[in-house]
K.L.:
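Once you've had a glance at the structure underneath, I'll fire off some questions.
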Amino acid sequence: MQQTLPQRYLAAKAALFERAFSSLNPRQQEAVFHVNGPLLVLAGAGSGKTTVLVRRIAFLIRYGNAYHSERLPEPLTEAAVSRLEQAASLSPGELLPLLDEFADDPCPPWRVLAITFTNKAANEIKTRLAGMFPEQPGYADEIWTGTFHSVCVRILRRHGEACGYRPGFSIYDADDSKKAFSEAMKRAGVDEKVLPLKTVANAVSRAKDRLLTPEEYEAEAGRDYRLGQIARVYTAYQQLLRESNALDFDDLIMQTVLLLQREPSVAEEYQRRFRYVCVDEYQDTNPAQFALTRLLSGGSRNLMVVGDDDQSIYRFRGATIENILSFDKAYPGATVVRLEQNYRSTQNILDAANAVIRQNAGRMGKTLWTAAGAGAPIHLISCADQNDEGRRIVDVIQRKVARGEARYRDFAVLYRVNAQSQSLEQAFARAAVPYRMLGGLRFNDRKEIRDAAAYLQLIANHDDNLRLLRVINEPRRKIGPRTLEAVAQIAQEQDCSMFGVIERAADFVALRNARPMLEDFAALIHTLTEDLGRLPLDVFFDAVLDRSGYRRMLTEAGESEAERLDNLEEFKSQIIDYMKHAEQPTLAGFLEETALVAEVDRYDEDADAVVMMTMHAAKGLEFPAVFLPGMEDGLFPGMQTIDAGQAEMEEERRLCYVALTRAKRELYILHTAQRLLYGRTGYNPLSRFVSEIPDALLEQSRPRSGGSAGRGLYGSRGAAPAPEQPRVYFSEHGAPSAEKPAAKRPAAPREQFEPGDRVRHPVFGEGEVLSVRRMGSDTLYEVMFDTAGTKKLMASYARLRRA
DNA sequence: CACGCTCTGCCTGCG
DNA sequence: GCAGAGCGTG
């Protein structure tokens, strides 16, 4: 069949792109080359999702619609076409310079918006995008990359007045928000003992996720007394925040959406600007974020979302997995690309993860696979109690490090609840194994840091009543609660901020006793506000500490407060750091940055230490070896999950899937016969999730003799179906192991197979050998299974038998 | 107003 | 088991 010249040209052009991007697999290429219309990339764990996101953005900017374009050069000559056809033999690197000529309507970088959930992800994308344009330093900076919250803050700083927020508004974090709720409940006359603050705060946060205003919430509450109470607190809380010219984290999103909905001209401005909108971790979005992305991408409908429904683990904080499950309904005609090839883990780990997640009903359906081989079996370690558990983890790590097989930083310990970290920390400290913990008390949550920040925030926003109350008597200024109550009352009546009243203390009879103290305080804030205008930020910070008397208070307290002084110095170095990297350092800019920074962002990947964190915090990270302590029914899944519905259990199972897929090479699952947690001893059976993992993937090791391991521990495995047939044991990399149980299966003489042989695999079933390749002392078989597809398997791990 | 005592409640948590 | 809140007393 004779191809026409245009056909040959287009085919050759496509082939060149495919070859130039041959480091990507075909599915990844499909996503990267996609240009127009909505696109959903279902990216399994470790499938190169960030790579696809970054490469696609770079592609749009460099080549535009080059791949799909049917545009032809004028004139189209035989010579030009055959030149292209011959170029196909060039290496991908040599090809790249040739591709520029195909660029078709490339997109300027400032017309691309990429939204992530964490600063860490945003920074990674920024860094990698910069690497895509090495010849144009700074070019990638024009791409608008940020978290949902930072994008919203940026919009609100520009257009916030359209929805009633004055410039310099404060951002309240969870802690500030709790305080504001406490006050709001008092105002609304709702007793914290009747309706816990936590419950109300949570309900309001969920309401904002769903874009419900206080009025709408009240309407929805109807005659429900409890909901009615919550609605009243919500109303009071919003009022309070307005008075303080402040927004909480949920407001940042919700108010931006309301702004864009109510002010079409503002929405259009952004819609015109953004030709391409990309959203990472789409499975974690809530309805408000859905609305936001829809509004921002409304101009072009060029919305790309990347996510994994199987890794949706934030339902409890308002994420709706439906956003990703019904993306193609919200965006008819959307292209869906599945990334199922995993570049992170061994097949054994993936098989375990696949087996667990398969138990869930509501999913798009994906099966991860790898070309990397089966790898080591998954270690299942039974322990006496949580202390034994810690020691066992430490033992494995010390053994591997001593042998030079690994470094401390290769190991991660991931647990379900932060409370588990305590016994683990003890074990690590006792053995002098270096570790780092994420979570717990954040640096910026320390009292002295919050106090210092509150001074700064009050100076930036005099209306911020919450911060005023925090610092007005820190150090002591003899301004008592009665005075402050009076000030608050007058502020209400006068419809102004508390600071506004304090400034004019002389005008109010009720304040005559406290007048000198109040005037001193007002003068302090005024002086510092002037200082702000004429001093560099770090010097200004010192002025705040000195003029306020805060530093003197700590110095006079002596040795006991020395650490707090150190922490304030550390905070100052954050300011200096900010001054160095900010284009135009301002107090508001610094406060914004610290308000929007989270703990994970401080995770230092370079330190050689074992890392400990919750499974939630580990999402998106990977480690050569992962320990999962506490794999017990009652802890994981937790008691409240077991008592709740199927949706909760499925979320918990997704969390298990996330945890399992963090491991690259080695996975250790631990459980205890008894566990002391929250001051109570519990006896938990093995996690149901572990029993969902095929026995053949697991290697079980028993408690070491001589340890504190008691007798009859296995009686506790109760609810989990005890393996009927003995679990199969395998040698771990052929290395001698003291922990191998005596009942280890004798290593059967390994059979050799040839292409065409029928074989049986314990997990994949029967199949036909396609190819055989010797690799060192091992053999790599490629087997086409009747039901499980084609897999590459290493003979030493695959346990293949003749069928 | 500062202190020490008792009582309670406790997943997970981006920004 | 422990932190944080609430309460009573010097």
Side-chain angles (χ1 to χ4, degrees), chain A residues 115-122 146-154 171-179 182 191-193 196-199 201-202 205-206 208-209 247-254 256 280-281 283-286 288-289 312-319 386 414-423 426 438-442 444-445 447 473 476-482 591-601 613-620 630 634-644 648 651-652 654-656 658-659 675-682:
Chain A
I115 311 180
T116 64
F117 271 84
T118 64
N119 292 303
K120 187 177 190 301
T147 63
F148 272 103
H149 293 90
S150 74
V151 168
C152 288
V153 168
R154 215 165 138 180
I171 299 169
Y172 283 3
D173 67 14
D175 225 72
D176 302 319
S177 165
K178 288 258 163 64
K179 284 218 176 74
S182 175
D191 187 351
E192 281 191 41
K193 289 192 194 77
L197 187 148
K198 230 182 105 92
T199 310
N202 213 43
S205 180
R206 293 296 76 78
K208 290 181 178 179
D209 290 340
L247 299 96
D248 66 20
F249 283 133
D250 301 313
D251 284 335
L252 292 179
I253 316 279
M254 174 167 166
T256 305
D280 195 16
E281 305 278 15
Q283 75 282 353
D284 291 334
T285 51
N286 60 36
Q289 288 158 335
S312 167
I313 55 172
Y314 286 114
R315 198 180 111 97
F316 69 90
R317 68 177 194 209
Q386 77 281 354
L414 311 180
Y415 35 80
R416 177 67 236 273
V417 297
N418 277 310
Q420 284 173 264
S421 71
Q422 210 215 11
S423 57
Q426 267 177 26
L438 267 77
L441 192 66
R442 297 193 278 172
N444 289 350
D445 284 347
K447 182 186 180 323
N473 251 331
R476 301 264 151 245
R477 291 194 183 88
K478 303 233 170 81
I479 300 172
R482 298 188 64 92
L591 292 175
E592 196 168 289
E593 206 161 284
T594 40
L596 299 181
V597 90
E599 188 60 13
V600 227
D601 304 327
M613 64 182 97
T614 63
M615 296 173 176
H616 282 91
K619 198 177 73 164
L635 182 57
F636 188 44
M639 225 36 232
Q640 49 271 79
T641 308
I642 293 171
D643 294 338
E648 283 78 7
E651 168 129 328
E652 199 83 343
R654 289 193 292 270
L655 180 60
C656 181
V658 167
R675 174 180 300 278
L676 182 65
L677 199 70
Y678 300 126
R680 281 209 328 266
T681 302

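All of these numbers come straight from a predicted model, not from anything done at the bench. Order of the sequence lines fixes the chain letters, A, B, ..., with proteins taken first and strands second; residue numbering starts at 1 for each chain.
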K.L.:
Picking from B:dG13, B:dC14, B:dC11, which would you name as closest to the side chain of A:His149?
P.N.:
B:dC14
K.L.:
Which nucleotide sits closest to the side chain of A:Gln422: B:dT12, B:dC14, C:dG1?
P.N.:
C:dG1
K.L.:
Please tell me if A:Thr641 has a side-chain N or O lying less than 4.0 Å from either OP1 or OP2 of B:dC11.
P.N.:
no
K.L.:
The side chain of A:His616 lies closest to which of these nucleotides: B:dT12, B:dC14, C:dG1?
P.N.:
B:dT12
K.L.:
With the side chain of A:Gln640 defined as its heavy atoms from C-beta on, choose the nearest nucleotide among B:dC11, B:dA2, B:dG13.
P.N.:
B:dC11
K.L.:
Which nucleotide, C:dG6, B:dT12, C:dC2, lies nearest any side-chain atom of A:Glu192?
P.N.:
C:dG6
K.L.:
For residues A:Leu197 and A:Lys178, determine if any side-chain heavy atom of one lies less than 4.5 Å from a side-chain heavy atom of the other.
P.N.:
yes
K.L.:
Without decimals, in angstroms, what is the distance between A:Lys447 NZ and C:dA5 C1'?
P.N.:
16 Å
K.L.:
For a quick test of reading the model, state the closest non-hydrogen atom pair linking A:Met615 to A:Leu414 and the distance between them.
P.N.:
CE-O, 3.9 Å
K.L.:
Using the side-chain heavy atoms of A:Phe117, tell me which of these nucleotides is nearest: B:dC11, B:dC14, B:dA2.
P.N.:
B:dC14
K.L.:
Between B:dT8 atom P and A:Tyr678 atom OH, what is the distance in whole Å?
P.N.:
19 Å
K.L.:
To the nearest Å, how far apart are A:Leu677 CG and C:dA3 P?
P.N.:
15 Å
K.L.:
Which base sits across from B:dC14 as a Watson-Crick or G-U pair, both distances under 3.5 Å?
P.N.:
none
K.L.:
Could you please name the option among B:dG13, C:dG1, B:dA2 that lies closest to any side-chain atom of A:Arg476?
P.N.:
B:dA2
K.L.:
Answer whether the closest heavy-atom distance between the side chains of A:Phe636 and A:Leu655 falls below 4.5 Å.
P.N.:
yes
K.L.:
Considering only side-chain heavy atoms of A:Arg416, which listed nucleotide, C:dG6, B:dC14, B:dT12, is closest?
P.N.:
B:dT12
K.L.:
Would you check, one step at a time, whether the test side chain to side chain donor-acceptor pair (under 3.5 Å) holds for A:Gln422 with A:Gln420?
P.N.:
CA-CA 5 Å; A:Gln422 210 215 11; A:Gln420 284 173 264; over 6 Å; no
K.L.:
For A:Glu281, report the nucleic acid contact type (base, sugar-phosphate, nothing); a contact means any heavy atom under 4.0 Å.
P.N.:
nothing
K.L.:
Between the side chain of A:Arg206 and the main-chain N/O of A:Phe316, is any donor-acceptor distance below 3.5 Å?
P.N.:
yes
K.L.:
Base, sugar-phosphate or nothing for A:Pro481? Non-hydrogen atoms, less than 4.0 Å.
P.N.:
sugar-phosphate
K.L.:
Round to the nearest Å and state the distance from A:Leu596 atom CG to B:dG13 atom P.
P.N.:
19 Å
K.L.:
Tell me: CG of A:Asp191 to P of C:dA5, nearest whole Å?
P.N.:
16 Å
K.L.:
Round to the nearest Å and state the distance from A:Asn418 atom CG to B:dT12 atom P.
P.N.:
5 Å
K.L.:
Is B:dC5 paired to anything, Watson-Crick or G-U wobble with both distances less than 3.5 Å, and if yes, which nucleotide?
P.N.:
C:dG6
K.L.:
From CZ of A:Arg315 over to P of B:dT12, roughly how many Å is that when rounded to an integer?
P.N.:
18 Å
K.L.:
Please give, in whole Å, the distance from B:dC14 C1' to A:Tyr314 OH?
P.N.:
7 Å
K.L.:
Does the side chain of A:Tyr314 come within less than 4.5 Å of A:Asn286's, by heavy atoms?
P.N.:
no
K.L.:
Starting from the 5' end of DNA chain B, give me the residue, A:Gln289 or A:Gly480, whose nearest nucleotide shows up first.
P.N.:
A:Gly480
